[in-house]
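Contents: one structure, followed by commentary.
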Amino acid sequence: MRRLVPLLVLSAALVGCGSSASSPSSHSASTPAESSPAGDIPDNQAYVRYAPPGGGFSVKVPEGWARSTAGGTVTFTDKLNSIGMRAMPAHAPLTPSEARRANPRARVTVVRRPAGKATRVVYEANGRPDPVTGRTRRDVVERYVFFKSGRRVILDLAGPKGADNVDPWKLVTSSLRFG
């Protein structure tokens, strides 16, 4: 009987180990959780309309983002993304060739939005340094330059390289209204 007890304990331990390896809870615990890249704006983000004083336009911006103003540019920021906007007098729309001369490495296209055509200039730039590590990340900047009645409205949308902000940036640029 003394020999039988250790064998029963050992058998119970082996059966217990085998059953936990195939249990559904241990399988799901080892499956990695899905995560979004840094800088992705959530799909459920709420937006509010903002009109800069004297700008002659309005645009929807993410609710809750911090607002700052410097040198005629109003900027909304969250942790890793930013939306800058400004208006200036101009005689004509920005042409793709002018945009390429100003930034030869940029990808330049003309896009259509409800407010009209815009020259879209996409380029990379250094982002803000991390306040803890001091490291700087690469941002992708999408600049949209709209024109109406002698004024250019410039929207600069920036976020970390690799973030998928196509839908939020389209929502913001499609929300531009003159007047």
Roughly how far apart are Asp167 CG and Asp164 CG, rounded to 0.5 Å?
7.0 Å
Which distance, rounded to the nearest 0.5 Å, do you find between the CG of Leu155 and the CG of Leu176?
6.0 Å
Residues two or more places apart in sequence or in another chain: which of them pass side-chain contact (heavy atoms from CB on, under 4.5 Å) with Pro131?
none
Distance col, row Ile154:CD1 vs Thr119:OG1, nearest 0.5 angstrom, shows 10.5 Å
Indicate yes or no: at least one non-hydrogen side-chain atom of Trp65 is less than 4.5 angstrom from one of Asn81.
yes
Those residues at least two apart in sequence (or on a different chain) that pass side-chain contact (heavy atoms from CB on, under 4.5 Å) with Ser97 are Thr95, Arg101
With sequence neighbours left out, what residues match Ala106 under side-chain contact (heavy atoms from CB on, under 4.5 Å)?
Asn103, Val108, Val121, Tyr123
Could you walk me through whether Phe178 and Arg151 pass side chain to side chain contact (heavy atoms under 4.5 Å, CB included), step by step?
CA-CA 10 Å; Phe178 288 100; Arg151 293 186 64 78; 5.8 Å; no
Residues Asn126 and Asp139: side-chain donor-acceptor under 3.5 angstrom:
no
Identify all side-chain donor-acceptor contacts of residues 84-94 below 3.5 Å with residues at least two apart in sequence or on another chain.
unit_1, atom_1, unit_2, atom_2, d
Arg86, NH1, Asp156, OD2, 3.3

Taking only residues two or more places apart in sequence, or in another chain, which ones meet Thr77 in a side-chain contact (heavy atoms from CB on, under 4.5 Å)?
Ala66, Thr75, Ser82, Arg128
Nearest 0.5 Å, please: how far is CD1 in Ile83 from CG in Asp78?
8.5 Å
Grab the two heavy atoms, one from Leu80 and one from Gly39, that are nearest each other, plus how far apart they are.
CD1-N, 3.5 Å
Rounded to the nearest 0.5 Å, what separation is found between the OH atom of Tyr144 and the CZ atom of Arg120?
4.0 Å
Determine whether Arg177 and Val59 satisfy the following criterion, side chain to side chain contact (heavy atoms under 4.5 Å, CB included), listing intermediate values before the conclusion.
CA-CA 6 Å; Arg177 301 288 180 266; Val59 66; over 6 Å; no
More than 12 heavy atoms of other residues, nucleotides or ligands under 6.0 Å from CZ of Arg135: is that the case?
no
Does the side chain of Thr173 pick up a donor-acceptor pair with the side chain of Arg113 at under 3.5 Å?
yes
Say you draw a straight line from CD of Glu124 to CZ of Arg138; how long is it, rounded to the nearest 0.5 Å?
5.0 Å
Under 4.5 Å between side-chain heavy atoms, chaining through other members, with only Ile, Leu, Val, Met, Phe, Trp and Tyr counted: pull out the rest of the cluster around Val122, sorted by chain and number.
Val140
So, the side chain of Ser175 versus the backbone of Lys60: is there a donor-acceptor pair under 3.5 Å, distance only?
yes
Step through it carefully: locate the ring centre of Phe57, locate the ring centre of Phe146, and say whether they are under 6.0 Å apart.
no
Using side-chain heavy atoms (C-beta onward) and a distance below 4.5 Å, is Leu157 in contact with Val141?
no
Does the side chain of Gln45 pick up a donor-acceptor pair with the side chain of Tyr47 at under 3.5 Å?
no
